[in-house]
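Reading through the C-alpha coordinates given below for one structure.
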Amino acid sequence: MTDRKSKSWNEFYGEPPGDEPVFWFTAVPTEPRPQLSMHQALDYLFAAMGDGPIDRLADAFAVVDGDDGPAYRKVLEAALDGPPPSAAFRAALHMNWTVRGFRHRAQIADDALLIRAFRHVFPTYAGEAMTVYRGERSSELDAGRLGLNWTPDRGVAERFARGLCATYGGDGVLLQATAAPSAIISGPNDHSANWICEHEHIVDPSMLSDLAEIARFPPISVG
(Lines give C-alpha, C1' and ligand atoms only; values in the text may rest on other atoms or scores of the structure.)
Protein backbone atom coordinates (compact mmCIF):
# COMPACT_ATOMS: atom_id res chain seq x y z
CA MET A 1 0.00 0.00 0.00
CA THR A 2 1.32 3.47 -0.77
CA ASP A 3 0.62 7.06 0.16
CA ARG A 4 0.64 9.52 -2.72
CA LYS A 5 2.25 12.90 -1.95
CA SER A 6 2.24 15.76 -4.43
CA LYS A 7 5.31 17.83 -5.29
CA SER A 8 5.17 20.83 -7.55
CA TRP A 9 7.04 20.98 -10.89
CA ASN A 10 9.58 23.50 -9.66
CA GLU A 11 10.55 21.28 -6.72
CA PHE A 12 11.81 18.87 -9.36
CA TYR A 13 12.85 21.03 -12.31
CA GLY A 14 12.66 24.69 -11.39
CA GLU A 15 9.97 27.05 -12.71
CA PRO A 16 7.09 25.42 -14.64
CA PRO A 17 6.87 26.09 -18.39
CA GLY A 18 3.78 28.31 -18.41
CA ASP A 19 1.39 30.17 -16.19
CA GLU A 20 -0.40 27.15 -14.71
CA PRO A 21 1.28 25.09 -11.95
CA VAL A 22 1.95 21.46 -12.83
CA PHE A 23 1.92 18.79 -10.14
CA TRP A 24 3.71 15.48 -10.20
CA PHE A 25 3.05 12.59 -7.84
CA THR A 26 5.44 10.17 -6.25
CA ALA A 27 4.52 6.95 -4.48
CA VAL A 28 5.99 6.79 -0.99
CA PRO A 29 5.95 3.22 0.42
CA THR A 30 4.53 2.74 3.90
CA GLU A 31 4.85 -0.27 6.17
CA PRO A 32 1.68 -2.41 6.34
CA ARG A 33 0.05 -2.41 9.75
CA PRO A 34 0.33 -5.72 11.62
CA GLN A 35 -2.81 -7.82 11.76
CA LEU A 36 -4.79 -7.61 14.97
CA SER A 37 -5.08 -10.66 17.17
CA MET A 38 -8.56 -11.69 18.29
CA HIS A 39 -7.90 -10.21 21.72
CA GLN A 40 -6.70 -6.95 20.20
CA ALA A 41 -9.64 -6.83 17.79
CA LEU A 42 -12.18 -7.26 20.58
CA ASP A 43 -10.47 -4.66 22.78
CA TYR A 44 -10.40 -2.29 19.81
CA LEU A 45 -14.13 -2.74 19.13
CA PHE A 46 -15.00 -2.32 22.81
CA ALA A 47 -13.04 0.95 22.90
CA ALA A 48 -14.58 2.16 19.63
CA MET A 49 -18.03 1.87 21.16
CA GLY A 50 -17.05 4.90 23.23
CA ASP A 51 -14.44 7.48 22.34
CA GLY A 52 -11.66 5.11 21.30
CA PRO A 53 -9.89 5.12 17.93
CA ILE A 54 -11.95 4.15 14.89
CA ASP A 55 -9.42 3.97 12.04
CA ARG A 56 -9.21 0.14 12.17
CA LEU A 57 -12.86 -0.77 12.68
CA ALA A 58 -12.98 -2.71 9.42
CA ASP A 59 -9.79 -4.60 10.35
CA ALA A 60 -11.18 -5.49 13.78
CA PHE A 61 -14.48 -6.75 12.39
CA ALA A 62 -12.58 -8.80 9.79
CA VAL A 63 -10.79 -10.61 12.62
CA VAL A 64 -14.08 -11.23 14.43
CA ASP A 65 -15.52 -12.59 11.17
CA GLY A 66 -12.90 -15.33 11.28
CA ASP A 67 -14.28 -16.69 14.54
CA ASP A 68 -17.08 -19.26 14.73
CA GLY A 69 -19.52 -17.12 16.71
CA PRO A 70 -18.36 -16.46 20.30
CA ALA A 71 -16.41 -13.32 19.38
CA TYR A 72 -19.39 -11.75 17.59
CA ARG A 73 -21.57 -12.58 20.59
CA LYS A 74 -19.08 -10.81 22.86
CA VAL A 75 -19.27 -7.71 20.66
CA LEU A 76 -23.07 -7.66 20.81
CA GLU A 77 -23.15 -8.25 24.56
CA ALA A 78 -20.62 -5.47 25.14
CA ALA A 79 -22.67 -3.11 22.95
CA LEU A 80 -25.72 -3.83 25.11
CA ASP A 81 -23.81 -3.18 28.32
CA GLY A 82 -23.82 0.61 28.30
CA PRO A 83 -25.16 3.63 26.43
CA PRO A 84 -25.74 3.48 22.67
CA PRO A 85 -22.33 3.15 20.99
CA SER A 86 -20.62 5.78 18.86
CA ALA A 87 -21.88 6.60 15.37
CA ALA A 88 -18.72 5.14 13.84
CA PHE A 89 -19.16 1.82 15.62
CA ARG A 90 -22.84 1.77 14.71
CA ALA A 91 -22.05 2.27 11.02
CA ALA A 92 -19.34 -0.42 11.10
CA LEU A 93 -21.63 -2.93 12.81
CA HIS A 94 -24.39 -2.22 10.29
CA MET A 95 -22.00 -2.72 7.38
CA ASN A 96 -20.69 -5.93 8.91
CA TRP A 97 -24.22 -7.26 9.38
CA THR A 98 -25.17 -6.34 5.79
CA VAL A 99 -22.22 -8.31 4.44
CA ARG A 100 -21.87 -11.14 6.97
CA GLY A 101 -25.20 -11.31 8.79
CA PHE A 102 -26.26 -14.67 7.34
CA ARG A 103 -23.13 -16.33 8.71
CA HIS A 104 -23.24 -14.59 12.10
CA ARG A 105 -26.89 -15.45 12.65
CA ALA A 106 -26.28 -19.12 11.93
CA GLN A 107 -23.25 -19.25 14.21
CA ILE A 108 -24.64 -17.61 17.34
CA ALA A 109 -28.19 -19.02 16.87
CA ASP A 110 -29.72 -16.38 19.14
CA ASP A 111 -32.13 -14.07 17.31
CA ALA A 112 -33.34 -12.58 20.62
CA LEU A 113 -29.82 -11.31 21.32
CA LEU A 114 -29.49 -9.90 17.81
CA ILE A 115 -32.80 -8.06 18.09
CA ARG A 116 -31.99 -6.61 21.53
CA ALA A 117 -28.55 -5.50 20.42
CA PHE A 118 -29.72 -3.93 17.17
CA ARG A 119 -32.54 -2.05 18.90
CA HIS A 120 -30.00 -0.69 21.37
CA VAL A 121 -27.32 0.21 18.84
CA PHE A 122 -29.29 1.53 15.87
CA PRO A 123 -31.47 4.66 15.98
CA THR A 124 -35.21 4.03 16.27
CA TYR A 125 -36.84 3.65 12.87
CA ALA A 126 -38.98 6.71 12.16
CA GLY A 127 -40.57 5.80 8.83
CA GLU A 128 -43.97 4.44 7.90
CA ALA A 129 -45.38 0.92 7.79
CA MET A 130 -44.54 -0.99 4.64
CA THR A 131 -45.01 -4.23 2.77
CA VAL A 132 -41.82 -6.26 2.99
CA TYR A 133 -40.57 -9.41 1.29
CA ARG A 134 -38.04 -12.08 2.08
CA GLY A 135 -36.54 -15.04 0.28
CA GLU A 136 -36.45 -17.84 2.85
CA ARG A 137 -35.52 -21.51 3.04
CA SER A 138 -38.54 -23.76 3.41
CA SER A 139 -36.87 -25.49 6.36
CA GLU A 140 -36.61 -22.19 8.22
CA LEU A 141 -40.21 -21.31 7.45
CA ASP A 142 -41.42 -24.70 8.68
CA ALA A 143 -39.39 -24.32 11.89
CA GLY A 144 -40.63 -20.77 12.50
CA ARG A 145 -37.14 -19.31 12.26
CA LEU A 146 -37.73 -16.40 9.89
CA GLY A 147 -34.71 -14.19 9.28
CA LEU A 148 -34.30 -10.56 10.27
CA ASN A 149 -33.46 -9.07 6.87
CA TRP A 150 -36.43 -8.05 4.70
CA THR A 151 -36.82 -5.73 1.73
CA PRO A 152 -39.64 -3.67 0.20
CA ASP A 153 -38.34 -4.78 -3.22
CA ARG A 154 -40.13 -7.98 -4.23
CA GLY A 155 -37.66 -8.63 -7.06
CA VAL A 156 -34.71 -8.70 -4.66
CA ALA A 157 -36.45 -11.14 -2.33
CA GLU A 158 -37.50 -13.36 -5.23
CA ARG A 159 -33.92 -13.51 -6.46
CA PHE A 160 -32.87 -14.96 -3.11
CA ALA A 161 -35.86 -17.31 -2.98
CA ARG A 162 -35.09 -18.71 -6.45
CA GLY A 163 -31.36 -18.81 -5.88
CA LEU A 164 -29.50 -19.08 -2.58
CA CYS A 165 -32.51 -20.24 -0.54
CA ALA A 166 -33.11 -23.15 -2.94
CA THR A 167 -29.58 -24.53 -2.59
CA TYR A 168 -29.99 -26.08 0.88
CA GLY A 169 -31.85 -29.22 -0.15
CA GLY A 170 -35.34 -27.78 0.15
CA ASP A 171 -37.58 -25.30 -1.61
CA GLY A 172 -36.92 -21.59 -1.70
CA VAL A 173 -39.92 -19.57 -0.50
CA LEU A 174 -40.94 -16.01 -1.27
CA LEU A 175 -42.66 -14.40 1.72
CA GLN A 176 -44.66 -11.20 2.04
CA ALA A 177 -45.67 -9.41 5.23
CA THR A 178 -46.68 -6.06 6.65
CA ALA A 179 -44.13 -4.35 8.88
CA ALA A 180 -45.45 -1.71 11.26
CA PRO A 181 -42.90 0.96 12.24
CA SER A 182 -42.43 -0.75 15.61
CA ALA A 183 -41.43 -3.98 13.84
CA ILE A 184 -38.65 -2.29 11.86
CA ILE A 185 -35.39 -1.97 13.76
CA SER A 186 -33.35 -0.22 11.09
CA GLY A 187 -33.63 0.90 7.50
CA PRO A 188 -30.95 0.14 4.90
CA ASN A 189 -27.48 1.59 5.14
CA ASP A 190 -25.84 3.26 2.15
CA HIS A 191 -24.16 0.04 1.02
CA SER A 192 -27.44 -1.85 0.90
CA ALA A 193 -29.49 0.98 -0.60
CA ASN A 194 -27.10 2.46 -3.14
CA TRP A 195 -24.41 -0.13 -3.89
CA ILE A 196 -25.97 -3.58 -3.85
CA CYS A 197 -29.51 -2.15 -4.14
CA GLU A 198 -31.12 -4.70 -1.83
CA HIS A 199 -32.73 -2.10 0.49
CA GLU A 200 -32.32 -4.40 3.46
CA HIS A 201 -34.46 -3.54 6.49
CA ILE A 202 -33.69 -5.25 9.79
CA VAL A 203 -36.96 -6.31 11.41
CA ASP A 204 -38.26 -8.29 14.34
CA PRO A 205 -40.04 -11.09 12.44
CA SER A 206 -42.25 -11.91 15.44
CA MET A 207 -43.89 -8.48 15.01
CA LEU A 208 -44.76 -8.83 11.32
CA SER A 209 -48.41 -9.19 10.34
CA ASP A 210 -50.24 -10.58 7.30
CA LEU A 211 -47.44 -13.05 6.68
CA ALA A 212 -48.06 -15.01 3.49
CA GLU A 213 -46.17 -17.37 1.23
CA ILE A 214 -46.60 -16.00 -2.28
CA ALA A 215 -44.29 -18.26 -4.30
CA ARG A 216 -42.22 -21.41 -3.94
CA PHE A 217 -39.26 -22.57 -6.00
CA PRO A 218 -37.82 -26.08 -6.27
CA PRO A 219 -34.39 -27.01 -4.96
CA ILE A 220 -31.33 -26.29 -7.06
CA SER A 221 -28.56 -28.85 -7.31
CA VAL A 222 -25.17 -27.21 -6.76
CA GLY A 223 -22.97 -30.26 -6.88
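Residues S186 and H94 come closest through the heavy atom pair OG-CE1, 3.1 Å. Here the closest heavy-atom approach between residue F217 and residue A166 is recorded as O-CB, 4.5 Å. Residue I115 comes nearest to P205 through the heavy atom pair CD1-CD, 4.3 Å, listed as atom of the first residue, atom of the second, then distance. Looking at every heavy atom in both residues, Y133 comes nearest to A157 through CB-CB, 3.5 Å. Across every non-hydrogen atom of I220 and G163, the tightest pair is CD1-O, 3.9 Å. Considering all non-hydrogen atoms of both residues, R90 and P123 come closest at CD-CD, 3.4 Å.
Hydrophobic clustering of Ile, Leu, Val, Met, Phe, Trp and Tyr side chains at less than 4.5 Å, counting indirect connections, unites F118 with V75. Using a 4.5 Å cut-off between side-chain heavy atoms of Ile, Leu, Val, Met, Phe, Trp and Tyr, with links allowed through other members, V132 and L114 fall into different hydrophobic clusters. A continuous path of Ile, Leu, Val, Met, Phe, Trp and Tyr side chains, each step under 4.5 Å between heavy atoms, connects M130 with V203, placing both in one hydrophobic cluster. Hydrophobic clustering, with ILVMFWY side chains joined whenever heavy atoms are under 4.5 angstrom apart, groups L42 together with F89. With hydrophobic clusters built from ILVMFWY side chains whose heavy atoms lie under 4.5 angstrom apart, L36 does not share a cluster with M95.
Residues D67 and Q107 are not in side-chain contact: their nearest non-hydrogen atoms beyond the backbone lie 4.5 Å or more apart. Within the 4.5 Å cutoff, the side chain of L80 has heavy atoms near those of the L113 side chain. By the 4.5 Å heavy-atom criterion applied to side chains, F160 and T151 are not counted as neighbours. Taking the side chain as every heavy atom from C-beta outward, H191 and I196 approach each other to under 4.5 Å. Residues P181 and E128 form no side-chain contact, since every pair of their non-hydrogen atoms from C-beta on lies 4.5 Å or further apart.
Taking CD1 from I214 and CG from L211, the interatomic distance works out to 10.0 Å, rounded to the nearest 0.5 Å. Rounded to the nearest 0.5 Å, atoms OH (Y44) and CD1 (I54) are 7.0 Å apart. In this structure, CG on L175 lies 6.5 Å from CD on E213, to the nearest 0.5 angstrom. A distance of 9.0 Å separates CD1 of I185 from CE of M207, quoted to the nearest 0.5 Å. Atoms CG and CG, on L45 and L93 in that order, are 9.0 Å from each other to the nearest 0.5 Å. Rounding to the nearest 0.5 Å gives a distance of 8.0 Å between CD1 of I202 and CG of N189.
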Could you walk me through whether Q40 and V63 satisfy the side chain to side chain contact (heavy atoms under 4.5 Å, CB included) test, starting with their C-alpha distance in whole Å, then the side-chain angles of each, then the deciding distance to 0.1 Å, before giving a yes or no? CA-CA 9 Å; Q40 290 171 327; V63 174; over 6 Å; no
Working note: L141 + R216, criterion side chain to side chain contact (heavy atoms under 4.5 Å, CB included); need CA distance, chi angles, decisive distance, verdict. CA-CA 12 Å; L141 175 62; R216 184 173 285 250; 4.1 Å; yes
CA sep, side-chain torsions, deciding dist, call: T98, E198, side chain to side chain contact (heavy atoms under 4.5 Å, CB included): CA-CA 10 Å; T98 299; E198 292 179 356; 5.7 Å; no
Could you walk me through whether L76 and I108 pass the side chain to side chain contact (heavy atoms under 4.5 Å, CB included) test, one step at a time? CA-CA 11 Å; L76 297 180; I108 71 170; 4.0 Å; yes
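Between the side chain of H120 and the backbone N or O of G82 there is at least one donor-acceptor pair closer than 3.5 Å. Side chain of R103 to backbone of D65: a donor-acceptor contact under 3.5 angstrom is found. In this structure, T178 contributes its side chain and T131 its backbone to no donor-acceptor pair below 3.5 Å.
Under the 4.0 Å criterion applied to side-chain N and carboxylate O atoms, D55 and R33 are assigned as salt-bridge partners.
Taking the six-membered ring for Trp and thresholds of 30 and 60 degrees, H104 and Y72 have nearly parallel ring planes, at less than 30 degrees apart.
Every residue meeting the salt bridge (charged side-chain N to carboxylate O under 4.0 Å, His left out) condition with E136, not counting sequence neighbours, appears here in chain and number order: R134.
W97 and N149 are linked by a side-chain donor-acceptor pair at a separation below 3.5 angstrom, with hydrogens and angles left out of the test. Checking S138 against D171 by side-chain atom types alone, no donor-acceptor pair falls below 3.5 Å.
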